[in-house]
Structure formats: C-alpha cells, structure tokens
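Only one structure is covered here, and it is reproduced in the block below.
Every value quoted in this text rests on a predicted model; they were computed, and no experiment measured them.
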Amino acid sequence: MSDLPERWSQASVYPDMWADPDKDPRNNEGPSPDGELATLQDYLTSYRLTLRMKCEGLTPEQLARRSVPPSTMSLLGLVRHLAEVERDWRNWITPGDPAPKLYGARDGDFEGAAAEQDLVDGAFADLAREQAATDAVLAEYPDPAVRVGRHGDSVRGLLVHRVEEYARHCGHADLLRECVDGRVGQ
C-alpha cells in the first residue's frame with residue numbers, strides 16, 4: 001500500500017490536459033491578441049488563471065502541504081509569494097518609499113503558509129489586490145518601450161518578467177498539485 005495519490009485528470013478528450021477544451025476557462029476560441037502589449041497581458045492573464053485552477057478544490061491543509069524537505073514550497077506559499085512579487089514590481093515603478101513586505105522578513109511568504117482558512121482567504125485576497133494595483137500602475141504606460149521607475153526598466157521587461165515568474169511557478173504548482181491529490185494536466 002502506498003501513500004502516494006494515483007494520477008488523474010478531469011479531462012476526457014485529451015487526458016494530459018487539466019480540463020477538456022470546452023470547459024477550460026483559459027480557452028478563448030478567438031484569434032490571438034494583436035500587438036505586443038496585448039499578447040503579454042493575455043499570457044499573464046492565462047498564467048494567473050492557471051495558478052488559481054491548480055489551487056481550486058483543495059483544503060487549507062492541502063494548500064499548505066510542503067513539497068519535499070528542506071523546501072518550504074507549497075501551493076499556498078506560491079500564492080503568497082506571487083502577491084509579494086506583484087508588490088515588489090510595483091515598488092520598482094512607483095516613486096517614494098517602497099510599500100512594506102506583506103509577509104515579513106525573507107521567505108515569510110513561504111514560512112508563514114499555514115493550514116488555516118483565514119490565511120488561505122487572506123492570501124488569495126492579497127494576490128488579487130496586488131495584481132490589480134500593479135496592473136493599474138502599468139496601464140498608465142501603453143508603450144512597452146517606455147522606461148519607468150528608479151532603475152529605468154522598460155514596461156516590456158517588467159511584463160516579460162511577470163509572465164516568466166508566473167510560468168515558472170505554475171510549473172511548480174503542477175508538481176505540487178500532483179503530489180497533493182494526483183491531479184495532472186497543463
């Protein structure tokens with residue numbers, strides 16, 4: 001007998017998918033967006049949704065389950081980390097003193113990811129708020145070549161970095177979710 005969950009997917013058309021194409025909210029059936037900025041925003045939106053999908057239907061205990069020792073990575077930790085990262089990106093752009101860390105000292109986002117419903121609810125609320133705030137700041141710059149902030153980063157670079165960060169962590173989320181309950185898929 002093994003404690004490892006059996007692999008499964010909700011998809012029946014393509015068993016390596018998370019959900020069947022007609023039930024996958026990331027499928028938009030239309031043409032891809034026109035323009036660089038719209039394309040980057042579309043990818044970012046898709047990865048953000050993927051992270052949420054990987055966390056859906058899990059208990060606080062499952063969301064807080066750590067990967068493998070000595071790692072502190074968990075699905076809840078990823079949500080908290082990405083809320084912190086959104087705030088950091090905004091800090092790079094906006095003038096004045098940076099907003100304080102959401103979860104305290106280094107690695108507080110992962111270390112503090114405990115199996116409590118209030119922490120789960122707070123993490124998802126933090127993520128949504130920080131995403132919206134960073135999106136609002138970047139929306140002021142419709143030209144991806146514009147350089148912003150203290151370091152003169154391009155809007156393009158900031159958007160690509162955000163896509164990369166979510167994509168990397170969605171890969172982690174794939175593995176974490178499979179370890180939690182065996183569910184697989186892109």
Side-chain angles (χ1 to χ4, degrees), residues 1-27 43-91 99-135 160-186:
M1 189 86 162
S2 172
D3 290 342
L4 298 175
E6 192 170 318
R7 299 180 89 221
W8 64 282
S9 171
Q10 285 188 347
S12 59
V13 177
Y14 303 106
D16 63 333
M17 295 181 76
W18 186 258
D20 286 327
D22 61 337
K23 294 181 181 161
D24 191 333
R26 297 168 297 182
N27 290 345
Y43 272 87
L44 180 60
T45 298
S46 180
Y47 280 121
R48 285 174 169 176
L49 183 53
T50 298
L51 179 69
R52 290 191 72 84
M53 291 168 67
K54 294 294 178 174
C55 295
E56 285 176 352
L58 297 178
T59 66
E61 291 78 17
Q62 291 171 315
L63 288 167
R65 187 174 300 159
R66 303 273 171 93
S67 59
V68 292
S71 176
T72 58
M73 190 177 291
S74 66
L75 287 165
L76 179 58
L78 287 176
V79 170
R80 290 164 52 101
H81 172 70
L82 286 165
E84 195 77 78
V85 167
E86 289 283 355
R87 178 171 279 206
D88 286 344
W89 283 319
R90 198 169 60 259
N91 282 337
K101 294 277 190 194
L102 288 168
Y103 305 111
R106 179 181 163 99
D107 291 335
D109 40 5
F110 288 103
E111 292 288 347
E116 299 170 16
Q117 189 63 54
D118 288 348
L119 286 177
V120 171
D121 295 342
F124 280 99
D126 289 345
L127 181 60
R129 182 190 65 247
E130 296 302 320
Q131 288 171 337
T134 303
D135 289 347
V160 168
H161 187 136
R162 289 168 84 198
V163 170
E164 177 271 333
E165 184 89 11
Y166 278 90
R168 182 165 37 98
H169 290 314
C170 281
H172 294 134
D174 284 340
L175 296 172
L176 288 163
R177 179 64 189 248
E178 187 173 354
C179 286
V180 167
D181 70 353
R183 187 162 181 196
V184 297
Q186 87 300 352

### Query
Which atom pair, heavy atoms only, marks the closest approach of Ala64 to Ala113?
CB-O, 3.6 Å
### Message
Quick check for you: to the nearest 0.5 Å, what is the distance between Leu176 atom CG and Glu178 atom CD?
### Response
10.5 Å
### Task
Locate the shortest heavy-atom distance separating Leu119 from Ala114; write the atom from each residue and the value.
CD1-CB, 3.6 Å
### Greater than 12 external heavy atoms within 6.0 Å of Gln117's CD
yes
#### Entry: Non-hydrogen side-chain atoms of Arg129 and Leu102 separated by less than 4.5 Å
yes
#### Entry: Side-chain donor or acceptor of Thr134 paired with backbone N/O of Glu86 under 3.5 Å
yes
### Query
From Gln131 CD over to Leu82 CG, what is the distance, rounded to the nearest 0.5 angstrom?
8.0 Å
#### Entry: Residues forming a side-chain hydrogen bond (donor to acceptor under 3.5 Å, both in side chains) with Arg168, sequence neighbours excluded
Glu164, Glu165
### Query
Can you tell if the side chain of Asp107 reaches within under 4.5 Å of the side chain of Thr72, non-hydrogen atoms only?
no
### Heavy-atom pair of closest approach, residues Ala83 and Leu127
N-CD1, 3.5 Å
### Task
Answer with yes or no whether the side chains of Asp20 and Ser12 bring together a donor and an acceptor at under 3.5 Å.
yes
#### Entry: Arg87 and Asp109 ion-paired at < 4.0 Å
no
### Task
Would you check if Cys55 and Leu63 make a side-chain contact, meaning some heavy-atom pair closer than 4.5 Å?
yes
### Query
Is any side-chain heavy atom of Phe110 closer than 4.5 Å to a side-chain heavy atom of Ser71?
no
### Greater than 12 external heavy atoms within 6.0 Å of Asp118's CG
no
### Task
Check whether any side-chain heavy atom of Arg162 lies under 4.5 Å from a side-chain heavy atom of Asp135, and answer yes or no.
yes
### Inter-residue atom distance Glu61.CD - Glu116.CD, 0.5 Å rounding
9.5 Å
### Task
On the 0 to 90° scale, with breaks at 30° and 60°, tag the His169-His81 ring pair as parallel, tilted or perpendicular.
perpendicular
### Message
With heavy-atom distances below 4.5 Å as the criterion, would you say the side chains of Leu44 and Arg48 are in contact?
### Response
yes
### Task
Begin from the C-alpha positions of Gln62 and Leu75 and carry the test side-chain contact (heavy atoms from CB on, under 4.5 Å) through to its verdict.
CA-CA 8 Å; Gln62 291 171 315; Leu75 287 165; over 6 Å; no
### Message
Quick check: do Gln10 and Trp18 have side-chain heavy atoms less than 4.5 Å from each other?
### Response
no
### Task
Please report the closest heavy-atom contact between Cys179 and Pro5, naming both atoms and the distance.
O-CG, 3.5 Å
### Message
Tell me whether Tyr103 at atom OH has more than 12 heavy atoms from other residues, nucleotides or ligands lying less than 6.0 Å away.
### Response
yes
### Interatomic spacing from CZ in Arg65 to CG in Leu76 - rounded to 0.5 Å
13.0 Å
### Query
Do Arg80 and Asp126 have side-chain heavy atoms sitting under 4.5 Å apart?
no
### Residue list, side chain to side chain contact (heavy atoms under 4.5 Å, CB included) with Leu49, at least two apart or on another chain
Pro25, Arg26, Met53
### Message
Minimum heavy-atom separation for Ala19 and Ala11, please, with both atom names.
### Response
C-CB, 3.7 Å
### Task
Not counting sequence neighbours, which residues clear side-chain hydrogen bond (donor to acceptor under 3.5 Å, both in side chains) with Asp174? List them please.
Lys54
